[in-house]
Amino acid sequence: MERGEGVPEAKVSALARSLTGEVLRPGDDGYEEARHVYNGLIDRRPAAIARCRTPSDVAAAVTFARDEGLELSIRGGGHSVAGRAVVDGGVMIDLSPMDTVEVDPDARTARAGGGTTWGAFDAATGAHGLATTGGVVSTTGIAGLTLGGGFGYLMGRFGMAADNLLSLEVVTAAGDVLRVDAETEPDLFWAMRGAGANFGVATALEYRLHPVDRIVGGLVVHPFGAARDLLRFFRDFAAQAPDALYLFGGLLHAPDGSGTPVAAVVVGHSGDEASAEADLEPLLGFGDPLLVQVGPMPYPRINAMLDEGFPTGSLNHWKSSFLRRLEDAAIDTMIEAFPACPSPMSGLVMEHFHGEATRVPVEATAVPHREEGFNFLLTSLWSDPSTTDANVAWTKDVYAAMRPYLAERRYVNYLDRDDAEASVTAVYGPNASRLAALKQRWDPDNVFHLNHNIPPRSS
């Protein structure tokens, strides 16, 4: 057993010969780069990284890990702060070579590989004036975001990313390659839309597209001293928001690099420019802002607008829950806590949830979060490893202070690696029982368990 990872070299070599892609072991060229993901706190060393090019490659790697009794992790975009894409001593399936995007502009559909990022997806669909709900950071992978639900600028108008999913190509725990949609394996299709990481590897995803060429969006920044007034206004303004208007507001640091605390609102309006101007007028006319950068832009650009604030390799520790309601006391708690923030990269934001995403029945997909309101998200980022303890402590303290205002509902894509206490019910609500029964059917041995796990059980 050379290279000391506990997996016989002969078996890894046999796996490598069976793939059209490549298998990387510790010490191989490209191994170090391949094992690193978005969150720089994640420092794990797989025994083997299978860089897959085809569904058959993925099936071979799943079968190898299962037969050898090895832990198995799946890397799509590698953007999850929990870092579950990488496993110590096991097999990591890397889908990044599977990143082609095929657009049918007449049918308004797109099919993309499981390693595609939203930046690449948006570029391909945007060339035809089309889009679907994606993330707000373009380096995020389409698979991970969609399989967990998928919030984004267009969700008020068109629903979440999972609501726009038409079909998937899935490799199951048994190593089978299946096409999954509403007609073929409808139960698995239901589960994959919200709890997909528990049920298989999505090697391709097909989406419904919508005519969205340009979007009116950007950032409005106010002095920190005006935070209380701005966030109360934001709450009332959001209550009147049309479906086409996406909003999040909160406390950030000045984008000029000074690290000065500020209050801010990010907007994205996907309607026509005249409607956007009228709908945004109250916000743009409120108070005495330090900065207003709002205007029309191509949709792919707004989906990359926040990228610089979330650099790959930054150190991350996030906390998130839906708010019961946005009370004055919750706003005051955030304002009191924020000045002690140890990193100028961190923020406290409230993501508005409304429109079409809330009209989909709770039981229609595995995603149960269909109530109007706000999701509270503490994005704690820093770059200096020597400040890790201080940043983690501040994050936990703020989250604890916010607990009285939080609902028992958690969005799976925002869970961090220490969020094991979040119950399956908090994440999946009334869908948890059906998911557990389906897990028993599709993955009774819990091969796919490096996720917010749904233990298999009989119905």
Just jot down the side-chain contact (heavy atoms from CB on, under 4.5 Å) partners of A112, sequence neighbours excluded, or say none.
-> V101, T116, F121, I142
E71 versus H449, side-chain donor and acceptor atoms under 3.5 Å | yes
Any donor and acceptor pair, going by atom type alone, linking the side chain of D272 with main-chain N or O of A274 inside 3.5 Å?
-> yes
Rounded to the nearest 0.5 angstrom, the NE2-CG distance for H317 and L41 is 9.0 Å
Quiz item: cation-pi between R434 and W190, 6.0 Å / 45° = yes
Rounded to the nearest 0.5 Å, the OG atom of S321 sits from the CZ atom of R409 at a distance of 9.5 Å
Calculate, to the nearest 0.5 Å, the distance between atoms CG and CH2 belonging to L378 and W318 respectively.
-> 10.5 Å
Please round to the nearest 0.5 Å and tell me the distance separating atom CG of N375 and atom NE2 of H352.
-> 12.0 Å
Ring pair (Phe, Tyr, Trp, His ring centres under 6.0 Å) involving Y246 - partner list, sequence neighbours excluded = Y153
Does a sphere of radius 6.0 Å around CD in E185 hold more than 12 heavy atoms from other residues, nucleotides or ligands, not counting ones at 6.0 Å or beyond?
-> yes
Rounded to the nearest 0.5 Å, how far does CG of D88 lie from CZ of R35?
-> 8.5 Å
Please confirm whether the backbone N or O of Y207 pairs with a side-chain atom of T132, one donor and one acceptor, at under 3.5 Å?
-> no
Worked verdict on K439 versus D443 for salt bridge (Lys or Arg N to Asp or Glu O under 4.0 Å) = CA-CA 5 Å; K439 179 74 169 178; D443 186 13; 2.8 Å; yes
Quick one: does T125's side chain have a donor or acceptor within less than 3.5 Å of a partner on L130's backbone?
-> yes
Within a reach of under 6.0 Å around CD of Q293, are more than 12 heavy atoms found that belong to other residues, nucleotides or ligands?
-> no
Are R51 and D94 ion-paired here, with the side-chain N under 4.0 Å from a carboxylate O?
-> yes
Hey, does the side chain of R84 reach the backbone of S80 with a donor-acceptor pair shorter than 3.5 angstrom?
-> no
Donor-acceptor contact below 3.5 Å, side chain N198 vs main chain H452 | yes
Ring pair (Phe, Tyr, Trp, His ring centres under 6.0 Å) partners for H210, two or more places apart = F158
Verdict with supporting geometry, T388 and W382, side chain to side chain donor-acceptor pair (under 3.5 Å) = CA-CA 8 Å; T388 292; W382 62 99; 3.0 Å; yes
Side chains of V267 and L283 in contact at under 4.5 Å (non-hydrogen atoms) | yes
Please check if atom CZ in R44 has more than 12 non-hydrogen atoms from other residues, nucleotides or ligands closer than 6.0 Å.
-> yes
Do Y38 and N316 have side-chain atoms, one donor and one acceptor, less than 3.5 Å apart?
-> yes
Between the side chain of N164 and the main-chain N/O of M160, is any donor-acceptor distance below 3.5 Å?
-> yes
Check whether more than 12 heavy atoms from other residues, nucleotides or ligands sit under 6.0 Å from atom CG of D67, and answer yes or no.
-> yes
Please output the side-chain donor-acceptor pairs of residues 169-179 that fall under 3.5 Å, not counting sequence neighbours, one pair per line with the distance.
from	atom 1	to	atom 2	distance (Å)
E169	OE1	T203	OG1	2.7
E169	OE2	R111	NH2	3.4
T172	OG1	A174	N	3.3
T172	OG1	D176	N	3.3
R179	NE	D181	OD2	3.2
R179	NH1	S167	OG	3.4
R179	NH2	D181	OD2	3.3

SB check D419 R410 (cutoff 4.0 Å) = yes
Checking side chain to side chain contact (heavy atoms under 4.5 Å, CB included) for the pair F322/L406: CA distance, chi angles, key distance, verdict?
-> CA-CA 6 Å; F322 283 88; L406 302 177; over 6 Å; no
Test F199 against L147 for side chain to side chain contact (heavy atoms under 4.5 Å, CB included), laying out the working first.
-> CA-CA 10 Å; F199 290 91; L147 300 184; over 6 Å; no
Partners of R370 by side chain to side chain donor-acceptor pair (under 3.5 Å), sequence neighbours excluded?
-> D163, T365
For G194 and V367 the tightest heavy-atom approach is CA-CG2, 3.5 Å
Trace of the side chain to side chain contact (heavy atoms under 4.5 Å, CB included) decision for I49 with V23 = CA-CA 5 Å; I49 299 175; V23 175; over 6 Å; no
Shortest non-hydrogen contact from H128 toward V103 | CD2-CG1, 3.6 Å
Please report the shortest heavy-atom distance between A197 and N451, naming the atom on each side.
-> O-ND2, 3.1 Å
Under 3.5 Å donor-acceptor, N39 side chain and V37 backbone = no
Please walk me through it: do D307 and S138 pass side chain to side chain donor-acceptor pair (under 3.5 Å)?
-> CA-CA 7 Å; D307 285 7; S138 72; 2.4 Å; yes
Salt bridge flag under 4.0 Å for residues E22 and R53 = no
Would you call E356 and R157 a salt bridge, using N to O less than 4.0 angstrom?
-> no
For D418 and K319, what are the C-alpha separation, side-chain angles and deciding distance, and is it a salt bridge (Lys or Arg N to Asp or Glu O under 4.0 Å)?
-> CA-CA 10 Å; D418 67 345; K319 288 292 181 182; 3.1 Å; yes
Side chain of H269, backbone of I215: donor and acceptor closer than 3.5 Å?
-> no
Please report the closest heavy-atom contact between L315 and G40, naming both atoms and the distance.
-> CD2-C, 3.4 Å
Side-chain donor-acceptor contact under 3.5 Å, R193 with T146 | no
Kindly say whether G141 contributes a backbone atom to a donor-acceptor pair with the side chain of T117 at under 3.5 angstrom?
-> no
Side-chain donor/acceptor of D279 to backbone N/O of A276, under 3.5 Å | no
Which heavy atom in L219 sits nearest to a heavy atom in A264, and how many Å separate them?
-> CD1-CB, 3.9 Å
Who pairs with Y411 by ring pair (Phe, Tyr, Trp, His ring centres under 6.0 Å), at least two apart in sequence or on another chain?
-> F151, Y414
Separation of R208 CZ from T133 OG1 (nearest 0.5 Å) | 10.5 Å
For residues T139 and F310, determine if any side-chain heavy atom of one lies less than 4.5 Å from a side-chain heavy atom of the other.
-> no
Nearest heavy-atom neighbours spanning N453 and V424 = O-CG2, 3.5 Å
Are the aromatic rings of F353 and H369 close, with centres under 6.0 Å apart?
-> no
Tell me, with the steps shown, if L72 and L450 meet side chain to side chain contact (heavy atoms under 4.5 Å, CB included).
-> CA-CA 7 Å; L72 177 67; L450 294 181; 5.9 Å; no
State, yes or no, whether a side-chain contact exists between R75 and S96 at a heavy-atom distance under 4.5 Å.
-> yes
